[in-house]
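All remarks here apply to the structure that follows.
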There are 2 protein chains.
Amino acid sequence: MEKKALKQRILESSLELFQKNGYHGVTVEQIVEKANTSKGGFYHYFKSKDELLYEIHDVFISYVIKKAQETYDEYETPILRLCGMLHSFIKVFDVYNPYITVFYQESAYLQAAYKEVINEKRDQYRKLIERVIKEGQERGDFRREVPANIATMSIIGMINWSYKWYKRDGPLSIEQIGDVFRDLILHSIATEEGLTEASEQNQLLGKKEIVSEK
Amino acid sequence: MEKKALKQRILESSLELFQKNGYHGVTVEQIVEKANTSKGGFYHYFKSKDELLYEIHDVFISYVIKKAQETYDEYETPILRLCGMLHSFIKVFDVYNPYITVFYQESAYLQAAYKEVINEKRDQYRKLIERVIKEGQERGDFRREVPANIATMSIIGMINWSYKWYKRDGPLSIEQIGDVFRDLILHSIATEEGLTEASEQNQLLGKKEIVSEK
DNA sequence: TTGCTAAGACCGACCAGTCGGTTTGTTCAA
DNA sequence: TTGAACAAACCGACTGGTCGGTCTTAGCAA
């Protein structure tokens, strides 16, 4: 934590500390010390500790939305779009890992005004996934009897929860986990036709299908 | 909050407040006021605010484990066991709703010693589900190519996440959600044979299959 | 009288945020 | 080229308020 711009240093230091001790388990004093600066430096860049928390939230959710939207635009079919979004979101876990923990653990402590902004964006993300699923149902790729909103939340839940157990240095790589998630999700909502289409398309893109070891 | 034993009143009051404002967003003073007692009353029953948090965690996770174990013992086949455990866990959301929120939101703030005890129990629960899945794979009910540990965490994640969006007075009943979850999970991990077996058995137990509206 | 339960005034540590200041960088007139 | 004038970046001692926890006292049942 040295040469970078001070604001960035503060963000990274706080993130690391928040992840370990929670927002309320960390004092501004500690952040300032880890970032190698002072109270003055901190309050020069942030109006308050609350604002810092908000900024962490906003950086993260904005990035996730951007990635999802890009993926949506990149592909044409619901299946490819869904797989792509899964893939991109899973990958965020590697890069933005500390952000994620703070995002899901501490959002309760956002001030009301900030919380509203974040919830708005969170909803935007949800709606994009739901849209992909609905389009897939219309096209016959996904089973129509599954309520799209519940399916959406299931998928989001399944992935999001991994922030609780996934460890970068654990036995499972993020790619492995992503492949299994894709497999599970496709099997859970795709129709027969959708499933075969999916395995064809994913083969084209060089994505691994999970297979029995023996 | 009146007639009941004071300890229970304190628990319920704190739960309600924690759910709304988070552990650190609530003072002992507020708890005491809502429970219609005093600091003296509070510290007579709890060594500290931390201990109260621990007790909330413990009551919840112990109940969940007990229910899961009972369900395991009640049924014979992996499919019935899994469906039963889903059902019982989903139902906990209605009864123990405030506990769940606190459990998943505030466990970061448990003191190290307490945290260890809770993690131990949490693991116990995870292993029970994983066991059912592995037994199902051996029996040919569940697809063998799916890693049991990831499947377990997917299922847990899917269900757990619903504490973030499920509302008791929302448009979706807990039974509806549970039915959809069961459908999604079975489709995601069951084999062809497992699926047909599941629909037969669930029909016997009077559980609804989800169907297209039109 | 004894012993459990509870009341509530009080304490002291802790911590977000302030404020008067210094240092560093930038601009521009002479 | 210089250095005066200004501004932005950064420092850290201090404060005011908050809140978990203590302690003395009081009610009351047995």
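Chain A is the first sequence line, chain B the second, and so forth, proteins listed ahead of strands; every chain is numbered from 1. The analysis underlying the following values was restricted to heavy atoms, covering all of them including side chains, and did not include hydrogens, waters or symmetry mates. All of these numbers come straight from a predicted model, not from anything done at the bench.
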Can you list the residues that meet the salt bridge (Lys or Arg N to Asp or Glu O under 4.0 Å) rule with [X], with sequence neighbours excluded?
X: A:K127; value: A:D123
X: B:R122; value: none
X: B:E135; value: B:R81, B:R131
X: A:E130; value: A:R126, A:K134

- Geometric class of the A:Y114/A:Y54 ring pair [parallel <30°, tilted 30-60°, perpendicular >60°]: parallel

- Describe, in one word, how the ring planes of A:Y99 and A:Y96 are oriented to each other, choosing from parallel (under 30°), tilted (30 to 60°) and perpendicular (over 60°). tilted

- Task: Using five base pairs at each end, measure the axis-to-axis angle across the helix from C:dT1-D:dA30 to C:dA30-D:dT1 and round it to 10 degrees.
- Result: 0°

- Item | Considering all heavy atoms, the nearest B:T71-B:G84 contact | CG2-C, 3.3 Å

- Note on the structure: Whole-Å distance, A:Q8 CD to D:dA9 C1', equals 17 Å

- Note on the structure: side chain to side chain donor-acceptor pair (under 3.5 Å) filter on A:S48, not counting sequence neighbours, yields none

- Query: Sequence neighbours excluded, which residues qualify as side chain to side chain donor-acceptor pair (under 3.5 Å) partners of A:Q111?
  - Reply: A:D50

- Item | All pairs passing ring pair (Phe, Tyr, Trp, His ring centres under 6.0 Å) where residues 18-43 of chain B contributes a residue, at least two apart | A:H24-B:H24, B:F18-B:Y23, B:H24-B:Y109, B:F42-B:F46

- What pairs of residues pass the side-chain hydrogen bond (donor to acceptor under 3.5 Å, both in side chains) test when at least one of them lies in residues 146-162 of chain A, not counting sequence neighbours? A:Y104-A:N160

Under-3.5 Å N/O pairs linking protein and nucleotides 25-30 of chain D:
none

- Task: Would you mind classifying the nucleic acid contact of A:F46 as base, sugar-phosphate or nothing, using non-hydrogen atoms under 4.0 angstrom?
- Result: nothing

- Message: With rounding to the nearest 0.5 angstrom, report the CG to CG distance, B:L86 to B:D183.
- Response: 11.5 Å

- Query: Can a side chain N or O of A:H44 be found less than 4.0 Å away from OP1 or OP2 on D:dA9?
  - Reply: yes

- Item | Contact boundaries on DNA chain C for chain A, cut-off under 4.0 Å to non-hydrogen atoms | C:dC15 to C:dT18

- Message: Distance alone, cut at 3.5 Å: any donor-acceptor contact between the side chains of B:K121 and B:S62?
- Response: yes

Using the 3.5 Å cut-off, write out each protein N or O paired with an N or O of nucleotides 19-23 of chain D and the distance between them.
residue: D:dG20; atom: OP1; partner: B:K49; partner atom: NZ; Å: 3.0
residue: D:dG20; atom: OP2; partner: B:V28; partner atom: N; Å: 2.8
residue: D:dG20; atom: N7; partner: B:K39; partner atom: NZ; Å: 3.4
residue: D:dG21; atom: OP2; partner: B:Y43; partner atom: OH; Å: 3.2
residue: D:dG21; atom: OP2; partner: B:K49; partner atom: N; Å: 2.8
residue: D:dG21; atom: N7; partner: B:K39; partner atom: NZ; Å: 2.9
residue: D:dG21; atom: O6; partner: B:K39; partner atom: NZ; Å: 2.2

